[in-house]
Amino acid sequence: MFDLDRWREIFESIRSNILRTVLSGFTVALGLYIFIVLFGIGKGLQNAFTEGFARDATNLITIFTRKTTIAYGGLQSDRQIVLKNEDFDQITEKDTDKIESAAPRYSANMVVKYGKESGNYQISGSNPDEKIIENRNLTEGRYLNLLDMKRKQNVAVIGRMVQRDLIKNGSPIGKDLDINGTMFKVVGVFSDDGGDFDERMITIPITTLQQLKKGSDTISTIFLTYNTDLTPDQAIKYGEKVEKELKAKHKVSPDDENGVVVRNNAKNMGQTFQFLFIITLIVGFIGMGTLLAGIIGISNIMVYIVKERTQEIGVRKAIGAKPQSIVALIMQESIVITVVSGLIGVGLGILTLYLIGDRLEKYFIMDPSVGWGLVLVAFISLVISGLVAGFVPAYRASRIKPIEALRSE
């Protein structure tokens with residue numbers, strides 16, 4: 001392996017046969033390049049779909065109501081179903097092992113003022129679990145707590161865009177906002193991956209907002225996150241059970257899809273995982289096919305190289321070279337070409353993915369990349385294939401008698 005004369009022979013052989021070397025290396029480099037780019041794009045598709053579900057909790061169940069469309073239980077259709085605090089309590093006090101977090105929401109649009117600035121914003125009455133459900137990140141201060149809820153405190157957590165619009169200078173923490181004529185102290189600022197719309201919201205304790213609405217106990221929406229230990233089927237059944245119980249309580253027909261609406265991410269996630277699995281399968285199939293084509297290409301070229309060098313092998317044997325030294329020489333040359341070409345293919349593939357970056361987001365490809373583990377496996381597979389592809393014909397050629405090798409054309 002460290003024989004200097006052998007290395008000189010290898011480099012002399014490479015310099016003397018540039019076309020042959022380039023063809024050998026091109027097959028290896030192209031196979032790895034296409035493999036890396038394909039798997040990187042497949043990863044980008046997965047990232048885009050994952051990001052689409054990351055704006056809110058992925059294990060989310062959303063419950064809201066509309067007007068009924070079917071007469072039921074002696075009641076007419078076109079009734080507006082309204083959720084109350086007792087509905088939230090009923091849901092969260094049962095099956096506690098199936099619930100991770102739960103937040104009621106009562107929303108209203110109100111005029112908000114700070115100094116000379118003012119604007120119309122969505123005021124969301126909720127509880128501390130809203131932060132988890134909405135995947136909100138605190139940039140300053142704190143979120144709501146249970147003491148705020150119990151005391152019906154006039155405190156507010158504002159979105160980043162609200163801060164930008166109203167409180168332009170200094171930290172907003174401790175500043176007082178005039179919300180519909182009532183003063184609220186800002187205790188926190190949040191950012192939200194949902195974008196500007198979600199960051200133009202203001203959250204206050206739902207108990208405080210209901211009190212402002214003359215003691216109303218109305219809830220607009222109930223958000224639940226189910227226990228992630230549940231299988232998708234179990235989560236779907238739990239959502240169906242909640243829907244059935246709410247419909248029975250509010251006398252809504254089981255066949256009415258409008259009166260009580262329960263949207264369960266478990267259904268969407270199941271479909272998404274199936275789609276991502278199919279994408280991964282297709283990309284994997286094409287990538288492995290490309291790698292296999294590279295392996296076949298190396299094998300064919302190595303057979304050609306050994307055949308071309310049969311007379312050279314005959315001369316070497318005639319002057320006393322041992323079969324194993326001939327095989328080692330060809331194998332070592334094969335390793336050099338494969339490794340160098342493989343590194344070029346890996347480098348170009350990673351560079352291509354880096355240059356693509358987020359330029360293909362509009363085609364649902366986000367941050368395409370490939371793991372080093374996968375790259376290493378593919379690289380080693382091609383190197384081993386190159387070794388095997390070179391060894392078999394080299395070994396056969398080394399077994400030919402010198403006189404027969406010299407006669408070959």
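Just so it is clear, the model here is predicted, and its values are computed rather than measured.
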Mind listing the side-chain donor-acceptor pairs of residues 365-373 below 3.5 Å, one per line with the distance, residues two or more places apart or on another chain?
none

Output side-chain donor-acceptor pairs under 3.5 Å for residues 144-151, partner residues at least two apart or in another chain, one line each.
unit_1: Asn145; atom_1: OD1; unit_2: Leu147; atom_2: N; d: 3.1
unit_1: Asn145; atom_1: OD1; unit_2: Asp148; atom_2: N; d: 2.8
unit_1: Asp148; atom_1: OD1; unit_2: Arg142; atom_2: NH2; d: 3.4
unit_1: Asp148; atom_1: OD2; unit_2: Arg142; atom_2: NH1; d: 2.8
unit_1: Asp148; atom_1: OD2; unit_2: Arg142; atom_2: NH2; d: 3.4
unit_1: Asp148; atom_1: OD2; unit_2: Asn145; atom_2: N; d: 3.1

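A donor-acceptor contact shorter than 3.5 Å is absent between the side chain of Thr221 and the backbone of Phe64. Between the Asn127 side chain and the Ala102 main chain, a donor and an acceptor come within less than 3.5 Å of each other. Formation of a donor-acceptor pair under 3.5 Å by the Asp196 side chain with backbone atoms of Met161 is not found in this model. Using a distance-only test at 3.5 Å, with no hydrogens or angles considered, no donor-acceptor pair links the side chain of Asn258 to the main chain of Arg66. Side-chain atoms of Gln234 come within 3.5 Å of backbone atoms of Thr231 as a donor-acceptor pair (strictly under, hydrogens ignored). Between the side chain of Ser341 and the backbone N or O of Ala29, no donor-acceptor pair lies under 3.5 Å.
Within 6.0 Å of CZ in Phe26 there are 12 or fewer heavy atoms belonging to other residues, nucleotides or ligands. Lys175 NZ: more than 12 foreign heavy atoms inside a 6.0 Å radius.
Checking Ser216 against Thr218 by side-chain atom types alone, a donor-acceptor pair falls below 3.5 Å. Between the side chains of Ser124 and Arg105, at least one donor N or O sits under 3.5 Å from an acceptor N or O. Under 3.5 Å, the side chains of Asp165 and Tyr121 contain a donor-acceptor pair of N or O atoms.
Judged as a salt bridge (charged side-chain N to carboxylate O under 4.0 Å, His left out), and not counting sequence neighbours, Glu257 has no contacts. Evaluation of the salt bridge (charged side-chain N to carboxylate O under 4.0 Å, His left out) rule for Asp129 yields no partner, not counting sequence neighbours. Under the salt bridge (charged side-chain N to carboxylate O under 4.0 Å, His left out) criterion, Lys113 pairs with no residue, sequence neighbours left out. Residues passing the ring pair (Phe, Tyr, Trp, His ring centres under 6.0 Å) test with Phe39 are Phe35, sequence neighbours excluded. For Asp95, the side chain to side chain donor-acceptor pair (under 3.5 Å) partners two or more places apart in sequence, or in a different chain, are Lys241. Applying the side chain to side chain donor-acceptor pair (under 3.5 Å) criterion to Lys244, with sequence neighbours excluded, gives no partner residue. With sequence neighbours excluded, the residues satisfying side chain to side chain donor-acceptor pair (under 3.5 Å) with Glu140 are Ser171. Applying the side chain to side chain donor-acceptor pair (under 3.5 Å) rule to Tyr143 yields the partners Glu130, Arg136; only residues at least two apart in sequence or on another chain are considered. With sequence neighbours excluded, the residues forming a side-chain contact (heavy atoms from CB on, under 4.5 Å) with Val262 are Ile61, Ile63, Glu243, Val260, listed by chain and number.
A distance of 5.0 Å separates CG of Asn265 from CG of Leu60, quoted to the nearest 0.5 Å. The line from CG of Asp97 to CG of Leu230 is 7.5 Å long, rounded to the nearest 0.5 Å.
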Passes side-chain contact (heavy atoms from CB on, under 4.5 Å), Val112 versus Phe184? Steps please.
CA-CA 10 Å; Val112 181; Phe184 282 79; over 6 Å; no
Show the numbers, then the answer: is there a side-chain contact (heavy atoms from CB on, under 4.5 Å) between Glu134 and Phe190?
CA-CA 11 Å; Glu134 290 285 353; Phe190 67 82; over 6 Å; no
Test side-chain contact (heavy atoms from CB on, under 4.5 Å) on Ile81 and Thr68; report intermediate values, then the result.
CA-CA 7 Å; Ile81 305 300; Thr68 60; 3.8 Å; yes
Ile219/Asn85 under side-chain contact (heavy atoms from CB on, under 4.5 Å): CA gap, chis, key distance, verdict
CA-CA 7 Å; Ile219 295 175; Asn85 288 340; 3.5 Å; yes
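Of all the heavy atoms in Ile70 and Asp256, the pair that sits closest is N-OD2, 3.3 Å.
Counting only residues at least two apart or in different chains, side-chain hydrogen bond (donor to acceptor under 3.5 Å, both in side chains) contacts with residues 28-45 comprise Tyr33-Thr352.
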